[in-house]
Amino acid sequence: MKIKSKSDLAARRRIGAAKITPGTPRIAVGLATCGAAVGGDRIYERLHEIIQTGNLDILLTKVGCIGYCKEEPLVNITIPGKPLVILHRVNEADADTIIRAVLAGDVLDDKALCRIPAWDHVTGHTQQYGTGFDRIPLYADVPFFRHQKKVILRNAGLINPEDIDEYIAVGGYQAAFQALTGMTPEAVIDEVEKSGLRGRGGAGFPTGLKWRITRDAQADKKYIICNADEGDPGAYMNRNEMESDPHMLIEGMIIGAYAMGVDEGLIYIRAEYPLAIQRLKHAIREAREAGLLGKNIFGTTFCFDIEIAIGAGAFVCGESTALVASIEGKTGRPHPRPPRLTDIGGGLWGKPTDLNNVETWCNVPVIIKNGSGWYAQIGAHGNTGTKVFSLVGKVDRVGLVEVPLGTSLSTIVFDIGNGGAAQKKVKAVQTGGPSGGCIPVRLFDTPMDYESLNNAGSIMGSGGIVVMDEETNMVDIARYFINFATGESCGKCVPCREGLKHTLLLLNKILAGKGTKADLETLAILVDTIQATSLCGLGQTAPNPVLTTLAYFRDEYDALVRS
Amino acid sequence: MDAAKKPVTVIINGRRCRADAGERILSVAIREKIAIPHLCYEASLDPYGACRLCLVEVIKRGKNEMTTSCTLWATEGLDVVTDTPDIVKHRNILFELYLAQAPKSEIIKKMAAQYGVTKTRFFKKVNPADPLGNACILCGLCVRVCDEIMGAGAITFVNRGPYTVVNTPFSEVTRDCLGCGACAKVCPTGAIRIDDLEGERVMTSWSGTRVPLVQCRACGRFFAPQALAAKTLARLTPALAGDVAALCPECRGQQIAEREIRAKTGGAGNHA
Ligand SMILES: Cc1cc2nc3c(=O)[nH]c(=O)nc-3n(C[C@H](O)[C@H](O)[C@H](O)COP(=O)(O)O)c2cc1C
Ligand code: SF4
Ligand code: FES
């Protein structure tokens with residue numbers, strides 16, 4: 001049934017609501033890739049088996065991931081009238097006891113992580129679950145969650161990503177409806193501009209401005225593309241966003257397409273993300289059936305559809321011009337800009353093209369729904385909104401962390417992450433993946449915003465935070481990232497191709513104890529030239545791990561070389 | 001685009017130079033005889049920006065910004081300088097990288113020496129089996145000329161990153177090679193080896209691909225590759241093609257000249 005009016009949308013909301021809080025107990029297994037990797041699949045199978053054979057009146061479903069990867073597998077229990085309870089570290093063998101408890105209207109105490117009596121989906125919809133289970137900690141009291149603010153992960157781990165009705169039930173597609181039926185494209189762009197939203201793909205370019213440039217380009221055809229290449233080691237927030245809430249991305253793209261006057265969109269995603277691809281394909285099909293993609297969306301004159309383009313997972317193909325080359329079937333090598341993607345002749349098939357990161361698109365629906373003023377209040381001046389970080393490495397609480405931009409590193413690593421794993425001392429973090437830099441613990445009051453990170457010699461990048469502890473050798477870390485960048489260099493320009501290779505050779509020599517003071521000097525001069533003269537962002541930023549470790553951990557280099 | 005042809009004035013090292021809007025600054029500099037080293041530029045090809053040697057600094061609101069001049073478009077009043085201390089510093093490192101990458105290229109050695117770089121601190125790679133004789137710097141000119149100008153696409157980049165080389169697909173003999181030799185002609189380092197044997201051209205660098213040559217019916221000399229000749233002939237009118245087919249350039253010139261003379265002097269023409 002196609003959704004053409006407010007009442008159609010309301011009807012779908014009711015259908016979805018009945019799935020989120022059915023009159024019967026609901027068990028939802030966290031099944032993003034992370035959950036499946038630690039056995040979530042088998043738990044789901046086992047629960048399914050028990051419910052089937054016993055012909056039990058329990059709704060079993062899948063949800064995405066709420067971000068607390070350390071505690072996975074996670075299973076949500078919703079008993080009518082009671083709060084939603086998240087069970088953690090569940091395994092297959094717990095299935096029987098879980099079901100027995102649920103049938104008795106209860107949950108397993110020793111497995112309960114927290115309870116959620118009501119949840120704000122940030123779309124004007126607050127999901128009321130119920131009261132009771134007071135002995136179980138509240139969600140807001142769990143240290144890992146306490147300092148977080150969920151805007152992008154508003155639905156992650158709570159709704160079934162394979163069911164459009166549930167997305168609509170928690171306020172989804174209302175923003176798109178509002179934009180397409182009640183706003184001019186200019187008004188939508190104004191709103192995005194005023195929100196202060198900056199691109200989450202790394203560089204922080206103002207999204208509204210990029211949209212305006214694309215809208216103003218004179219051309220018979222334009223495209224929008226979602227960059228889901230996500231190639232930084234240690235970063236997986238985009239994967240989770242797509243696996244846990246694919247319709248949020250689609251809705252953002254619909255609104256953007258309307259604002260820019262575009263009828264064709266693409267999602268460029270790496271083949272290494274099979275589950276995300278599968279869920280996106282499913283979601284696109286659902287959206288088409290509901291009349292939210294395709295011709296005459298919401299019964300208006302606006303038409304727009306999305307295709308998926310699968311890439312082979314090269315890091316460099318995340319770079320805008322290489323990405324377009326890859327979609328066009330050419331080798332994924334960057335070319336000099338201008339022309340930019342938004343220029344005539346510069347984008348996909350030579351047409352003006354707007355490229356935005358997954359998370360950038362995901363911000364759009366709430367900006368339209370709640371207004372730019374609401375959005376601009378989150379975060380810091382010039383750095384509005386929240387950002388999802390993947391907190392990984394030698395940190396106690398590994399997971400996806402969403403906080404307002406401008407939150408300090410120490411809040412993220414110590415308050416949320418609880419410091420080093422196995423009680424080791426934290427020494428530094430690497431932000432922004434291979435293009436980022438190492439920030440020592442003494443600079444942990446650095447706010448996570450685009451400018452402060454640049455000043456510290458690092459970058460926001462896609463939001464990876466890799467924690468290093470006292471046992472980590474920083475020269476080795478630098479080598480790890482240079483090795484990655486060398487392997488991912490496309491090989492086109494000399495400083496990146498040859499320069500990184502020699503950087504790696506020098507680091508190998510130093511780490512083998514064969515380096516000299518002169519080698520250290522050569523290293524410093526070489527990375528300076530790579531940074532200054534490389535053709536694309538890969539080479540320009542690849543030296544950052546060396547530059548920052550040289551600046552902050554020079555003693556570790558000195559200790560390795562002969563004088 | 002007509003708008004792009006508009007004349008503009010750009011400033012290079014303080015000197016005012018005329019240019020077409022949209023023309024590349026490197027091309028303006030070459031015309032004005034302002035020396036900027038470059039290895040991957042060719043006027044008839046799209047800007048590529050891979051060798052990174054053609055660095056200039058653009059002066060914008062008092063601040064200098066480094067960029068490559070082969071990718072920089074001329075706009076009215078654009079103000080650039082060459083050979084700043086920063087450019088020299090980085091360019092010298094790039095030359096050192098080139099000396100390490102193509103240790104056997106005399107042209108690279110000479111070019112680097114012109115800029116005062118005669119030694120490299122980096123590890124020199126010498127592969128005795130390299131079909132390009134350790135002289136290729138991966139500027140891509142051969143690949144681009146073969147594809148974009150000749151339309152053959154016989155050679156390409158193989159592998160990625162530091163393992164990149166230029167060769168035929170799968171490093172196998174290719175049927176796509178016309179044997180035109182445009183690759184060797186554009187190669188800035190003289191890396192590509194082509195050997196003309198009796199009746200055959202051997203693309204030694206391109207997996208030993210062999211292309212048969214056309215023999216001149218007048219003097220018996222082997223001259224153009226057959227595939228190239230066929231491609232060229234297909235574009236000519238049959239009358240012209242008759243003259244061109246199977247005659248080497250010298251004999252062709254001679255025959256045409258003789259015919260003209262006979263026609264002028266009343267002698268019986270061959271073809272009339
Ligand atoms: C080497 C390299 C890799 C990149 N990888 C990604 C990526 O995986 N995802 C992404 O969104 N942006 C990536 N970018 C940034 C994109 O070029 C582009 O700036 C971004 O997608 C624009 O979207 P935004 O404005 O929403 O941030 C990469 C850039 C470079 C230079
Ligand atoms: S063979 Fe010559 S023209 Fe071809 S990439 Fe190497 S240096 Fe350039
Ligand atoms: S000539 Fe400009 S980068 Fe090579």
Side-chain angles (χ1 to χ4, degrees), chain A residues 312 314-317 321-322 330-339 343-345 482-506 508-509 516 518-519 521-536 538-540 542, chain B residues 1 4 22 24 39-40 46-55 57 64-73 75 86-102 108 120-125 137-140 143-144 147 156-166:
Chain A
F315 176 59
V316 75
C317 286
T321 61
K330 301 183 191 137
T331 316
R333 290 179 138 209
H335 71 66
R337 293 176 295 174
D343 294 335
I344 293 163
I482 292 294
N483 187 37
F484 176 86
T486 309
E488 294 293 331
S489 164
C490 79
K492 178 169 173 177
C493 78
V494 175
C496 179
R497 182 189 67 232
E498 301 299 317
L500 287 177
K501 176 178 84 187
H502 290 292
T503 309
L504 184 60
L505 291 175
L506 283 167
N508 281 340
K509 189 176 169 196
T516 61
D519 287 328
E521 261 164 58
T522 310
L523 180 70
I525 296 169
L526 177 58
V527 289
D528 179 39
T529 294
I530 298 172
Q531 184 182 44
T533 63
S534 286
L535 168 62
C536 89
L538 194 155
Q540 288 156 12
Chain B
M1 262 180 278
R24 284 167 261 163
L39 285 169
C40 73
D46 281 343
Y48 193 61
C51 79
R52 315 310 284 172
L53 281 178
C54 65
L55 296 169
E57 281 180 24
N64 283 22
E65 210 174 90
M66 198 184 311
T67 181
T68 43
S69 59
C70 68
T71 58
L72 182 63
W73 297 349
T75 50
D86 262 355
I87 290 176
V88 171
K89 176 178 81 177
H90 294 307
R91 203 167 58 197
N92 287 355
I93 295 288
L94 294 179
F95 275 128
E96 283 196 52
L97 289 171
Y98 280 120
L99 288 175
Q101 188 195 4
I108 290 289
T120 177
R121 279 168 281 187
F122 305 116
F123 176 72
K124 284 190 200 172
K125 170 209 87 168
I137 48 112
L138 295 169
C139 69
V143 175
R144 289 184 289 147
D147 181 33
T156 184
F157 293 106
V158 184
N159 304 326
R160 202 170 69 168
Y163 305 105
T164 312
V165 291
V166 174

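Labels below follow one simple rule: chain letters A, B, ... track the order of the sequence lines, proteins then strands, and each chain is numbered from 1. Atoms considered below: every heavy atom in the structure, side chains included; atoms not considered: hydrogens, waters and symmetry mates. Every value quoted in this text rests on a predicted model; they were computed, and no experiment measured them.
When A/H335, A/E488, A/R337, A/K501 are compared by the number of non-hydrogen pairs under 4.5 Å with chain B, A/E488 comes out ahead. For the set B/A100, B/G161, B/C70, the count of heavy-atom pairs under 4.5 angstrom toward chain A peaks at B/G161. Ranking A/C490, A/C496, A/A485 against chain B, the residue ahead of the rest is A/C490, based on heavy-atom pairs under 4.5 Å. The greatest number of non-hydrogen atom pairs below 4.5 Å with chain B, out of A/T331, A/L504, A/V316, A/L526, is found for A/L526. Between chain A and the residues B/F122, B/Y163, B/Y98, B/W73, the most heavy-atom pairs under 4.5 angstrom are made by B/F122. For the set A/T486, A/L506, A/D528, A/L500, the entry with the most heavy-atom pairs within less than 4.5 Å of chain B is A/D528.
A/P334 approaches A/T321 most closely through the heavy-atom pair CA-OG1, 3.2 Å.
Looking only at atom types and distance, the side chain of A/T516 has a donor-acceptor partner in the side chain of A/D519 under 3.5 Å away.
Residues B/V165 and B/F157 form no side-chain contact, since every pair of their non-hydrogen atoms from C-beta on lies 4.5 Å or further apart. Residues B/T120 and B/L97 fail the side-chain proximity criterion, which asks for heavy atoms closer than 4.5 Å.
Only the side chain of B/R121 has a heavy atom closer than 4.5 Å to any heavy atom of chain A. Looking at A/L535, the atoms closer than 4.5 Å to chain B (heavy atoms on both sides) sit in the backbone and in the side chain alike. With a 4.5 angstrom heavy-atom cutoff, A/A314 touches chain B via backbone and side-chain atoms both.
B/R24 contributes no side-chain N or O that, together with a main-chain N or O of B/S69, makes up a donor-acceptor pair within less than 3.5 Å. Between the side chain of A/S534 and the main chain of A/C536, no donor-acceptor pair closer than 3.5 Å is present.
Remark: A/K492 qualifies as a cation-pi partner of B/Y48 under the 6.0 Å distance and 45° angle criteria applied to the six-membered ring.
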